[in-house]
Structure formats: C-alpha cells, structure tokens
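The structure appears below as structure tokens.
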Amino acid sequence: MLIRLFRKLRMILYCALIVVLFILREYAVSENISNTEKAPERIVVFPLFAEEIIYELVEEERVIYVGHPYIEAGESYWPSMAVSKNSSGRNWQNTGEEQILSLDPDLLIIDLSIQEDYKTIFPLLSTARVPVLFVSAPESSEDIVHLIYDLGKMLQEQEKANILIRKLETSLKHINLFTRFICCEERKTVVLYGEYNEFFDLVANISMVNSYYCTDDQSIDAQVAFLMDKAPDLIIVLPYCTDDGLLFSIGEKYSDREILRIKMLFEDYNIAAIRDDNIVALDFHGSQYIVNSVVNLIEIAYPNLLK
C-alpha cells in the first residue's frame with residue numbers, strides 16, 4: 001500500500017515539474033538589462049526573424065544596424081529590406097565589435113546559439129556591458145507569438161506587440177479553416193532544393209504539404225535518386241545565396257538562373273516537378289510574415305484551395 005502511494009506521489013511531483021519547466025521556458029535571454037531602464041533607442045539586431053518583428057514594433061530610426069546589407073533586388077522577398085535601407089548592415093561574423101561599439105548601441109540582439117561563447121567572441125562588448133538579448137529561432141507558430149511578446153516587452157511596445165499577435169493568430173486560424181480538410185493522401189510533396197532554410201518545415205507543416213530537403217552538396221546521382229524516390233509535385237529554391245550568413249545575391253535574376261540550372265541538370269530524368277515545370281522561388285519567414293510564406297506556398301501547391 002505504501003509503495004503504491006509513494007509511486008503515485010512521485011508521478012504527481014514529476015508531472016508538476018514538467019508543467020513548471022514548460023511555464024519557465026525562455027524564448028529570449030537577456031544580459032546587462034534592467035527592467036527600470038528606458039526603452040532602447042539604438043538597436044543592433046542580427047537575426048532576420050527578429051528584425052522583421054522589431055521593425056513592426058518601433059520606428060525605423062531606432063534600428064541602427066542589421067544582419068545584412070541593403071540590396072534593392074531583395075525588397076520583393078524580404079519584407080524588412082526596404083525599411084532597413086537607411087541602416088548599415090552585415091552578418092555578425094563579418095562585423096567587428098569595435099564597429100558595433102562605435103555605434104553606441106543600447107541593445108544588441110543576437111542568436112541564442114552564441115550565448116555561451118559571447119564573451120569570447122565579443123570581449124569588448126561584454127566588458128562594456130552593452131545590453132544584449134539572445135533570441136532563438138522559432139520552431140512553431142506559438143514560438144513566434146512568444147517571441148513577439150518578449151520583444152514587445154523588451155522594447156516597451158507591449159500594445160503594438162499584442163496587436164501583432166492578434167493579427168497573426170487570426171490569420172493562422174483563418175488559414176486552418178481551409179487546410180484542415182486536406183487528408184494525408186491528398187498532401188502535395190514539396191522539396192526545397194539547394195540551401196537550407198530553418199523555417200521551411202514549419203511553413204510546410206501549416207500549409208499541409210510533405211516537406212523534404214535535397215542539398216546540392218551531394219553527387220548528382222544521389223540527388224537524382226532522392227528526387228526520383230520522393231517524386232515531388234513542387235521544387236522550391238530560395239531567392240538568395242548565402243555563405244556562413246553572408247548574403248551574396250538575392251532577387252529575381254538570381255532565382256531565374258537557379259531555376260534554369262535545375263531544369264538543365266535534371267531534364268533527362270522523369271521527375272514530375274521538373275517535367276511539369278513546377279519549380280519556383282520562395283522564401284520562408286520565422287516572424288509575423290510566416291502568414292505570407294504559408295499563403296504563397298498554399299496558392300502554388302493547392303491553387304484553388306484559398307479561392
């Protein structure tokens with residue numbers, strides 16, 4: 001009797017611990033930031049997903065540096081490219097900390113993955129105690145909501161954040177009214193070819209398509225075998241080229257070249273997406289713009305679904 005009671009009590013405590021850990025889950029981790037400080041006015045933000053949210057919450061002049069250069073051809077693909085025009089920008093791997101310090105920032109936003117090595121990578125920034133917020137890439141729409149909330153609180157723009165959250169949740173619920181009737185047998189198969197995108201699977205899941213990656217760093221024979229096996233209805237390429245976070249090219253001209261290259265590469269094989277000319281350039285967002293990504297993908301994969 002006592003043994004059964006002990007086991008039951010242990011299970012209750014275990015479940016309670018799980019609930020507490022879930023509640024305490026952090027989507028953003030901060031250093032050198034006090035709750036009594038005024039709202040940041042000189043923001044340096046490197047992750048694109050955070051940049052897209054921040055420009056929706058604050059005036060563009062409050063963002064003084066971003067994680068990419070301005071390229072006019074990218075305005076059609078990256079919604080925040082146009083508003084970041086007046087900000088300097090480059091990825092953090094190619095930005096010296098002296099340059100960041102010279103901008104006199106009052107908030108640095110950077111990816112959570114470098115938190116443990118931050119003091120080694122940026123010793124001067126660490127010593128200067130520049131306020132820093134580490135953010136992790138969202139893995140679900142709920143994560144995006146939590147990140148918007150955290151950024152709104154950090155930037156003291158809670159009302160704007162709440163409005164943005166309501167718009168996002170309403171849009172996703174509306175999309176679900178159309179996609180919920182797509183059964184497993186009717187799902188389209190979509191392959192992202194070439195460069196990896198951390199939000200592709202998230203967008204594909206909401207869009208109710210089967211998603212796969214085909215990287216171009218393997219042999220042609222391996223790529224052919226993979227594509228023949230998965231038989232994709234649609235092949236997607238990203239509309240930009242990067243290397244270690246550095247943006248090399250973006251825009252329609254780059255996309256057209258990539259699509260033509262893929263057609264020529266696999267034209268001798270009976271791959272449905274190649275044969276039917278179903279190759280498109282799309283980007284995928286881990287911010288409020290995930291709605292745009294989902295709608296774009298659905299309209300291509302299921303042309304009549306949203307009509």
- Message: Walk me through whether Leu297 and Leu234 qualify under side chain to side chain contact (heavy atoms under 4.5 Å, CB included).
- Response: CA-CA 10 Å; Leu297 181 54; Leu234 174 67; 3.9 Å; yes

- Please lay out, stage by stage, how Leu282 and Ile300 fare under the test side chain to side chain contact (heavy atoms under 4.5 Å, CB included). CA-CA 10 Å; Leu282 286 179; Ile300 297 170; 3.9 Å; yes

- Task: Mind running side chain to side chain contact (heavy atoms under 4.5 Å, CB included) on Leu147 and Leu151 for me, showing each step along the way?
- Result: CA-CA 6 Å; Leu147 182 58; Leu151 289 173; 4.0 Å; yes

- side chain to side chain contact (heavy atoms under 4.5 Å, CB included) between Glu252 and Tyr254, intermediate numbers included: CA-CA 5 Å; Glu252 187 175 351; Tyr254 170 78; over 6 Å; no

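Judged purely by atom type and a 3.5 angstrom limit, Ser87 has no side-chain atom pairing as donor or acceptor with the backbone of Val66. Not one N or O on the side chain of Tyr77 forms a donor-acceptor pair closer than 3.5 Å with the backbone of Ala281. A side-chain donor-acceptor contact under 3.5 Å links Ser219 to the backbone of Ala222. Between the Gln288 side chain and the Glu52 main chain, a donor and an acceptor come within less than 3.5 Å of each other. Put simply, the side chain of Ser126 never gets that close to the backbone of Phe122: no donor and acceptor are under 3.5 Å apart. Looking at Glu75, its side chain never comes within 3.5 Å of a backbone N or O of Ala82 through a donor-acceptor pair. A donor-acceptor pair under 3.5 Å links the side-chain atoms of Arg62 to the main chain of Pro40, judged by distance alone. Listed for the Ser293 side chain is a donor-acceptor partner under 3.5 Å among the backbone atoms of His285. At distances below 3.5 Å, at least one donor-acceptor pair connects side-chain atoms of Arg42 with backbone N or O atoms of Leu103. In this structure a side-chain-to-backbone donor-acceptor pair under 3.5 Å is missing from Ser207 to Val209.
For the pair His68 and Ser84, the minimum side-chain heavy-atom distance is below 4.5 Å. The closest side-chain heavy-atom distance from Asn292 to Pro79 is not below 4.5 Å. Taking the side chain as every heavy atom from C-beta outward, Val135 and Asp150 never approach each other to under 4.5 Å. With contacts defined as side-chain heavy-atom distances shorter than 4.5 Å, the pair His174/Thr170 does not qualify.
More than 12 heavy-atom neighbours from other residues, nucleotides or ligands sit within 6.0 angstrom of CD on Gln158. Counting non-hydrogen atoms of neighbouring residues, nucleotides and ligands closer than 6.0 angstrom, the CD atom of Glu159 reaches no more than 12 such neighbours. Atom CD of Glu72 sits in a sparse spot, with 12 or fewer heavy atoms from other residues, nucleotides or ligands closer than 6.0 Å. Residue Glu61 qualifies as enclosed at atom CD: its count of foreign heavy atoms under 6.0 Å is above 12. Enclosure of atom CZ in Phe226 by more than 12 non-hydrogen atoms of other residues, nucleotides or ligands within 6.0 angstrom is indicated. Residue Phe178 qualifies as enclosed at atom CZ: its count of foreign heavy atoms under 6.0 Å is above 12.
Residues forming a side-chain contact (heavy atoms from CB on, under 4.5 Å) with Leu202 (at least two apart in sequence, or on another chain): Ile144, Ile206, Ile290. Remark: Phe248 engages no residue in a ring pair (Phe, Tyr, Trp, His ring centres under 6.0 Å) (not counting sequence neighbours). Applying the salt bridge (Lys or Arg N to Asp or Glu O under 4.0 Å) rule to Asp216 yields the partners Arg261; only residues at least two apart in sequence or on another chain are considered. The side chain to side chain donor-acceptor pair (under 3.5 Å) test applied to Lys263 returns Asp277, not counting sequence neighbours. Partners of Asp276 under the salt bridge (Lys or Arg N to Asp or Glu O under 4.0 Å) rule, at least two apart in sequence or in another chain, do not exist in this structure.
To the nearest 0.5 angstrom, Cys214 atom SG is 9.5 Å from Leu192 atom CG.
None of Ile236, Leu238, Ile235, Thr215 except one satisfies the side chain to side chain contact (heavy atoms under 4.5 Å, CB included) rule with Tyr193; the exception is Ile235. With respect to Val44, the side chain to side chain contact (heavy atoms under 4.5 Å, CB included) criterion is satisfied by exactly one of Asp106, Leu108, Val132: Leu108. Residue Phe284 is tested with Phe199, Trp78, Phe200, Tyr240 for a ring-ring contact (aromatic ring centres under 6.0 Å, His included); the sole match is Phe200.
Here the shortest heavy-atom pairing between Met228 and Asn270 reads SD-O, 3.7 Å.
Applying the salt bridge (Lys or Arg N to Asp or Glu O under 4.0 Å) test to pairs two or more places apart or on separate chains, none has a residue in residues 221-242.
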